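Accompanying notes for the structure given below.
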Protein chains: 2
Amino acid sequence: MRIGEVARSAGVSVRALRYYEEQGLLTSDRTPGGHREYAADAVGRVRFYQQLYAAGLPSRRIAELLPCIDTGTTTAEQRDMLDAERARLQGRIAELTDALARLDEIVAAAEARSA
Amino acid sequence: MRIGEVARSAGVSVRALRYYEEQGLLTSDRTPGGHREYAADAVGRVRFYQQLYAAGLPSRRIAELLPCIDTGTTTAEQRDMLDAERARLQGRIAELTDALARLDEIVAAAEARSA
DNA sequence: CTTGATTCTGACGTCCACGTCAGGTTCTAG
DNA sequence: CTAGAACCTGACGTGGACGTCAGAATCAAG
């Protein structure tokens, strides 16, 4: 697959894909002319990265987790990091849920007035 | 309350409070000498803003919502925005929950290998 | 072989919530 | 009255994930 197709399939920009490669998150072969050629799993990987970005993980952390994602083996340090990220994520979900509740209060109050 | 006390109570920096004022999110009186003097509800407001920031709302949007938060009245446009933000938040919570599940998969796989 | 679409490599620009430094003023305790 | 803490206003710096533009090369179709 070429970069444009991967971008469209994954719903990101071409620039983003080049950026991921810069950060060591995505690899590609090259055509004789130098154009990138992606393996079939590229789209899935990119979608996964987008999830992790949305979860607040920076590229650097994702890169650190890559080996254990790909090989399934982890060092104690990586397991600690995974646990920490898990905890952080759960915290964020709680925060968002709380924020949602407060927005709901506002909506409810507004509807009460307009009704 | 003076700015340092508000900052400590709310768990943010002094700089952040000045920034919120710059963005029209927070008001303050001034002492004759020009120092800021905050009302009692400032801490609560700041905590709320932090929640909304954590939820991904930029200052500009918060500022747009301020009138309906404060007065309880909303225009149709504001209600639409509130609904949109609500939906966005729910979407994000779903994303994070999903990302958490994927991290869990990795942790589980790693533990299986090490066990 | 030509044309138009796609891709390439730099490299600077952007947005946002502040951090940080400079240089000066105000407040408060003793 | 004085020292030190706290505060003031600019204004530039920061980090992250790209956007965007320039100028050139490659690719796929006819």
Side-chain angles (χ1 to χ4, degrees), chain A residues 1-39 42-43 45-66 85 88-89 92 95-96 99, chain B residues 1-39 42-43 45-66 85 88-89 92 95-96 99:
Chain A
M1 284 177 98
R2 291 169 45 186
I3 195 169
E5 193 180 351
V6 174
R8 272 189 306 276
S9 303
V12 302
S13 70
V14 164
R15 176 70 176 91
L17 296 182
R18 292 202 266 257
Y19 175 74
Y20 298 160
E21 188 167 327
E22 232 178 87
Q23 303 303 309
L25 302 182
L26 204 56
T27 57
S28 60
D29 290 335
R30 296 297 180 117
T31 67
H35 286 193
R36 290 176 178 79
E37 190 64 36
Y38 291 92
V43 173
R45 294 182 78 98
V46 169
R47 291 211 174 106
F48 182 43
Y49 297 153
Q50 287 288 110
Q51 270 196 331
L52 295 183
Y53 281 137
L57 281 83
S59 294
R60 184 179 296 265
R61 275 228 180 294
I62 300 179
E64 287 168 7
L65 290 177
L66 265 196
E85 292 298 347
R88 218 179 44 72
L89 248 183
R92 265 192 75 74
E95 277 172 21
L96 294 197
Chain B
M1 286 177 96
R2 290 167 47 185
I3 195 169
E5 193 182 348
V6 174
R8 274 190 305 278
S9 303
V12 303
S13 70
V14 164
R15 177 70 175 90
L17 296 181
R18 296 203 190 99
Y19 175 74
Y20 298 160
E21 188 167 327
E22 232 178 87
Q23 304 303 310
L25 301 183
L26 203 56
T27 58
S28 59
D29 290 336
R30 296 297 179 114
T31 68
H35 286 193
R36 290 176 177 79
E37 190 62 37
Y38 292 92
V43 174
R45 294 181 78 97
V46 168
R47 290 213 175 106
F48 182 43
Y49 296 154
Q50 288 289 112
Q51 270 195 331
L52 295 183
Y53 281 138
L57 282 84
S59 293
R60 184 178 296 266
R61 274 226 182 294
I62 301 181
E64 288 169 7
L65 290 177
L66 265 196
E85 292 299 346
R88 217 179 45 72
L89 249 183
R92 267 192 74 74
E95 277 172 20
L96 294 198

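Small disclaimer: the values here were computed from a predicted structure and weren't measured. Sequence lines set the chain letters: A, B, ... in the order given, protein chains first and strands last, and positions in each chain run from 1.
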Taking only side-chain nitrogens and oxygens of [X], does any of them come within less than 4.0 Å of OP1 or OP2 of [N]?
X: B:Tyr20; N: C:dA17; value: no
X: B:Thr31; N: C:dC27; value: yes
X: B:Arg2; N: C:dT28; value: yes
X: A:Ser59; N: D:dG16; value: no
X: B:Tyr19; N: C:dC18; value: no
X: B:Arg36; N: D:dC8; value: yes

Distance check needed: [N] [atom2] versus [X] [atom1], whole Å only.
X: B:Ile3; N: D:dC8; atom1: CD1; atom2: C1'; result: 9 Å
X: A:Gln23; N: D:dG16; atom1: CD; atom2: P; result: 9 Å
X: A:Leu26; N: D:dA17; atom1: CG; atom2: C1'; result: 15 Å
X: B:Glu5; N: C:dT28; atom1: CD; atom2: P; result: 12 Å
X: B:Asp29; N: D:dC7; atom1: CG; atom2: P; result: 16 Å
X: B:Glu22; N: D:dC8; atom1: CD; atom2: C1'; result: 13 Å
X: B:Glu21; N: D:dC7; atom1: CD; atom2: P; result: 14 Å
X: A:Arg61; N: D:dG16; atom1: CZ; atom2: C1'; result: 14 Å

Base, sugar-phosphate alone, or nothing: which one does [X] contact when heavy atoms must sit under 4.0 Å apart?
X: A:Gln50; answer: sugar-phosphate
X: A:Arg30; answer: sugar-phosphate
X: B:Leu17; answer: nothing

The residue, B:Tyr53 or B:Arg15, whose nearest nucleotide of DNA chain C is more 5′ is B:Tyr53
Check: B:Tyr20 side chain, B:Val46 main-chain N or O, donor-acceptor pair, under 3.5 Å: no
Checking side chain to side chain contact (heavy atoms under 4.5 Å, CB included) against B:Arg45, which of B:Leu26, B:Thr27, B:Val6 comes through? B:Leu26
Do NZ/NE/NH1/NH2 and the carboxylate oxygens of A:Glu21 and A:Arg18 come within less than 4.0 Å? no
For the side chain of A:His35, starting at C-beta, report the closest nucleotide among C:dT7, D:dG19, D:dA6. C:dT7
Hey, what do you get for CD (A:Gln51) to CD1 (A:Ile62), rounding to the nearest 0.5 Å? 10.5 Å
Establish whether the base of C:dT9 is bridged to the side chain of A:Arg18 by a donor-acceptor pair shorter than 3.5 Å. no
Is A:Arg30 atom CZ crowded by more than 12 heavy atoms from other residues, nucleotides or ligands, each under 6.0 Å away? yes
